[in-house]
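Letters A, B, ... mirror the listed sequences (proteins, then strands); counts begin at 1.
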Amino acid sequence: MELHKLTVYKAHELIKKKEITSEELTKAFFKRIDNIDDKIKAYVSLNKEKALKTSRQADKKADFEEPLLGIPVAVKDNICTKNLRTTCCSKMLENFVPPYDATVLTKLKEKYAVILGKTNMDEFAMGSSTESSCFYPTKNPWDLDRVSGGSSGGSAAAVAADECIYALGSDTGGSVRQPASYCGVVGLKPTYGRVSRFGLAASASSMDTIGPITKDVTDCAFVLNAIAGLDSYDPTSSDSPVPDYLISLQTELKSAKIGIPKELLGDLVDRDVKDAVLKAADFYETMGCHCEEISVPHAEYALWVYYIIASAEASSELGQYDGIRYGHRAEKYEDLQDLYKKSRGEGFGIEVKRRIVLGTYLSDDENYDKYYSKAQKIRTLIKKDFEYAFDKYDFLITPTVPSTAFRIGEKIDDQLKMYMNDLCTTPVNLAGLPAISIPCGFSKGLPIGLQIIGKPFDEATIIQAAYAFEQNTDYHKRQIEWKEG
Amino acid sequence: MNYETVVGLEVHVELSTKTKIFCSCSTEFGKEPNSHCCPVCLGMPGAISVMNKSVVEYATKAGLALNCEIAEFSRFDRKNYFYPDLPKSYQISQFYIPLAKNGYIEIESGEKTKRIGIMIMHMEEDAGKLIHEEGSLHSLVDLDRAGVPLVEIVSKPDIRSAEEAWLYLNNLKTILQYIEVSDCKMEEGSLRCDINISLRPEGAKEYGTKVEVKNLGSFRAVRRAIEYEEKRQREVIESGGRITQETRRWDEARGITTFMRGKIEN
């Protein structure tokens, strides 16, 4: 039995029946990482010694009802892990070891989850390809010449390549869903406030979320159950009760009304991707649902509104990386101004600098009303468009990304082309809604993702819609053909 | 020509809550440097500021005691700038919708009771402390004070003399001590005061150019600084010069104000 191919659900069953141990499972993953991560480059730090120690502790626990007990997980490197280096894949934090855990880690550690290591990402989560990591780009397991997506590229690739059972990523403009789509796995962005952000290095506090990346929808429900909920350390977390998402793992859809926003299925979307989404709509119709083209009129502006707001917020969030208390500090400097300039100049990569400069400009006194303030107003209109749509429809479907994974190096020098990847995902972040990406087809051997968008705090419905589709199709079962050598 | 002195006072008061405004670190004074810190007040990755309810209660009490209108909806804003005593590189303060406004303090000026208006009172977090040692090539940063809750009380420019300023400050101190929201000890830094002062010809409606004066360590210093500035500004005007908008520093030892920095576009 190839242990690294297990899902949370299957591994839990085997551990419960005492057919395997967490220690065996953990060892299998470190062996797997040893074998292939040189090719994939999903990880930036490994936690071998402590992971094995935790796995042995998990094996001693009698509580085999806990589904995540002893199950190996990979964590995106912008989520703080106590005593384990957390870099945000930036030279600025290259040697930063947090003395605290993010709340999601505290929750997983209570269940004796086994932290395998930290995964690669675009620096400070700014990017859609993991190419802006200060370390190296992560390869797409389906085609090693292509990107794994971003900014949670390492997490998505690790799940797709069976280098962990599940992973945590972060999603501010699509950073869980887009790499999940490119890598043919499941990625969920929860409603803003559903999962605590404490310990997630902020890129844009009004949109940042932490979400699970998993091999199938069932696993996604298990993980969301574990990480969702109110947190006193995060005042933006919600006290809305957390349902049991396992209940949503059923295929009966009860004639749901489904909207297909036409603004997100236009000319910018590849032919193959469009066809796959329309085929998914057909599937839902055969299940007794009713699909209709709808309009989310201000979604047309979402991408630009997103970049204005995200850059402005990032310029403020990243101010704390100044070389004074922790992080990179320049070795030689003349005075305080020079210390700041050199530390930040050396610590940050080009895309991060670009967004800080842009964000500072768009939100300064002169431009505040022209750009930032206006963008926030359009954001309210986008939110209202969705509210109006959800008055009539139970969920919406769109492509996750307008295309499939592009080649490494293809878009890195063309910012506008790179930003266009986020066309379908950014409206969701602006409105704070939950959305899940699941595999729904292939184009020339590369995975296509279907995005299902739900009402606020209605992860239950989108998980159910995703599960119904998954259980009646085969896309999630297709195996990567590993080329030898 | 007779000139009228116009003074407004900006007072920062430390609220005596047990813990800081956005985290549960202790506000206890005079402890080991950097011993009352946590990821939140240190501005570490992923830390999030959480409102301390008692700060809002203390500030509201202060607002009511100062006869202010208390906002039903109030909001915090960020003031972004870089300085080593500012861990997040932004100060959380209130700009657009402060907690309280349109209050007053009464003073007994001569035979009459006069009202000195309070424009706004808002909540904000304090910065840390920088310690510059004699002859040292570096400065030390102590962040115990970072995140200590403050209210900033901005008076209307209703004060007309050093004496009135002194009375205003004393009454403010008495009120806030009485309702037990602060110990108001200027020498310990739990009450700080900046002066905005200008002169205008008696009877004129328009305000003159105002000068800001900082580094006042006591109520007596405030009184002396106003008296000095009145005289200095009159001398400048009467010799044909013009007052420029600037920030000046009170030098306690020499009893004068000196130029600190020019006008900052606000």
Side-chain angles (χ1 to χ4, degrees), chain A residues 77-82 86-88 90 92-93 96 98-105 124 170 196-203 205 208 210 231-237 312-313 315-327 335-337 339-341 343-344 359-360 363-366, chain B residues 19-25 33-34 37-53 55-56 75-93 95-96 125 127-132 136-144 146-147 264-266:
Chain A
D77 211 18
N78 59 354
I79 300 174
C80 285
T81 42
K82 188 173 176 179
T86 299
T87 68
C88 299
S90 175
M92 182 56 85
L93 293 177
F96 178 70
Y100 51 93
D101 269 322
T103 298
V104 292
L105 261 302
F124 281 109
S170 74
S196 170
R197 287 186 297 120
F198 178 82
L200 168 66
S203 358
S205 325
D208 287 341
I210 292 177
D231 179 22
S232 58
Y233 285 90
D234 177 0
T236 61
S237 67
E313 291 188 9
S315 71
S316 180
E317 312 295 6
L318 266 58
Q320 68 190 35
Y321 303 109
D322 56 11
I324 303 288
R325 299 168 312 294
Y326 59 84
D335 56 24
L336 184 62
Q337 285 304 308
L339 167 64
Y340 286 140
K341 281 188 193 165
S343 302
R344 287 165 67 83
T360 308
S363 57
D364 80 5
D365 279 344
E366 251 188 75
Chain B
T19 56
K20 294 183 178 183
I21 187 172
F22 294 121
C23 64
S24 43
C25 288
N34 297 312
C37 297
C38 72
V40 179
C41 53
L42 284 172
M44 297 190 93
I48 307 178
S49 300
V50 183
M51 186 81 245
N52 176 343
K53 198 171 160 193
V55 170
V56 183
R75 212 182 66 191
F76 284 99
D77 303 296
R78 293 183 185 182
K79 210 175 187 176
N80 293 277
Y81 64 95
F82 289 94
Y83 207 58
D85 65 1
L86 194 67
K88 297 187 294 296
S89 285
Y90 57 84
Q91 177 200 31
I92 298 179
S93 178
F95 188 70
Y96 295 103
E125 57 178 347
K129 266 201 196 120
L130 292 184
I131 297 154
H132 315 283
S136 173
L137 283 175
H138 55 255
S139 301
L140 301 172
V141 184
D142 176 11
L143 295 174
D144 280 347
I264 294 173
E265 306 283 333
N266 218 359

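For the set B:Met51, B:Met44, B:Lys88, the entry with the most heavy-atom pairs within less than 4.5 Å of chain A is B:Met44. Chosen from B:Pro45, B:Gly43, B:Ser24, the residue pairing most often with chain A at heavy-atom distances under 4.5 Å is B:Pro45. With chain A as partner, the option from B:Leu86, B:Leu143, B:Val40, B:Val50 having the largest number of non-hydrogen pairs under 4.5 angstrom is B:Val50. Put simply, of A:Ser316, A:Ser205, A:Gly323, the one with the most heavy-atom pairs under 4.5 Å next to chain B is A:Ser316.
With respect to B:Glu125 and B:Lys79, no salt bridge is recorded, no charged nitrogen being found less than 4.0 Å from a carboxylate O. Salt bridge B:Asp77/B:Arg75: present, at least one basic N to carboxylate O contact under 4.0 Å.
Relative ring orientation between A:Tyr326 and A:Tyr321 is described as perpendicular, the plane-to-plane angle rising above 60° on a 0-90° scale split at 30° and 60°.
At a 4.5 Å heavy-atom cutoff, the contact between A:Asp234 and chain B is made by backbone and side-chain atoms alike. Using a 4.5 Å cut-off between heavy atoms, A:Glu317 contacts chain B through both its backbone and its side chain. Proximity to chain A involves both the backbone and the side chain of B:Phe82, based on heavy atoms less than 4.5 angstrom apart. Neither the backbone nor the side chain of A:Pro98 comes within less than 4.5 Å of any heavy atom in chain B. Contacts between A:Arg197 and chain B at a heavy-atom distance below 4.5 Å involve backbone atoms as well as side-chain atoms. Contact of A:Leu93 with chain B is made through the side chain alone, with heavy-atom distances under 4.5 Å. Of the two parts of B:Ser139, neither the backbone nor the side chain holds a non-hydrogen atom closer than 4.5 Å to a non-hydrogen atom of chain A. Both the backbone and the side chain of B:Tyr83 come within contact range of chain A, each with at least one heavy atom under 4.5 Å from a heavy atom of that chain.
Between B:Phe76 and B:Phe22, the gap from one ring centroid to the other is short of 6.0 Å.
The main-chain N or O of B:Asn34 is found under 3.5 Å from a side-chain atom of B:Asp144 such that the two form a donor-acceptor pair. Without hydrogens or angle criteria, A:Arg325 side chain to A:Gln320 main chain gives a donor-acceptor distance under 3.5 Å. Looking at A:Asp101, its side chain does come within 3.5 Å of a backbone N or O of A:Lys82 through a donor-acceptor pair.
Distance OG1/A:Thr86 to CD1/A:Ile79: 9.0 Å, rounded to 0.5 Å.
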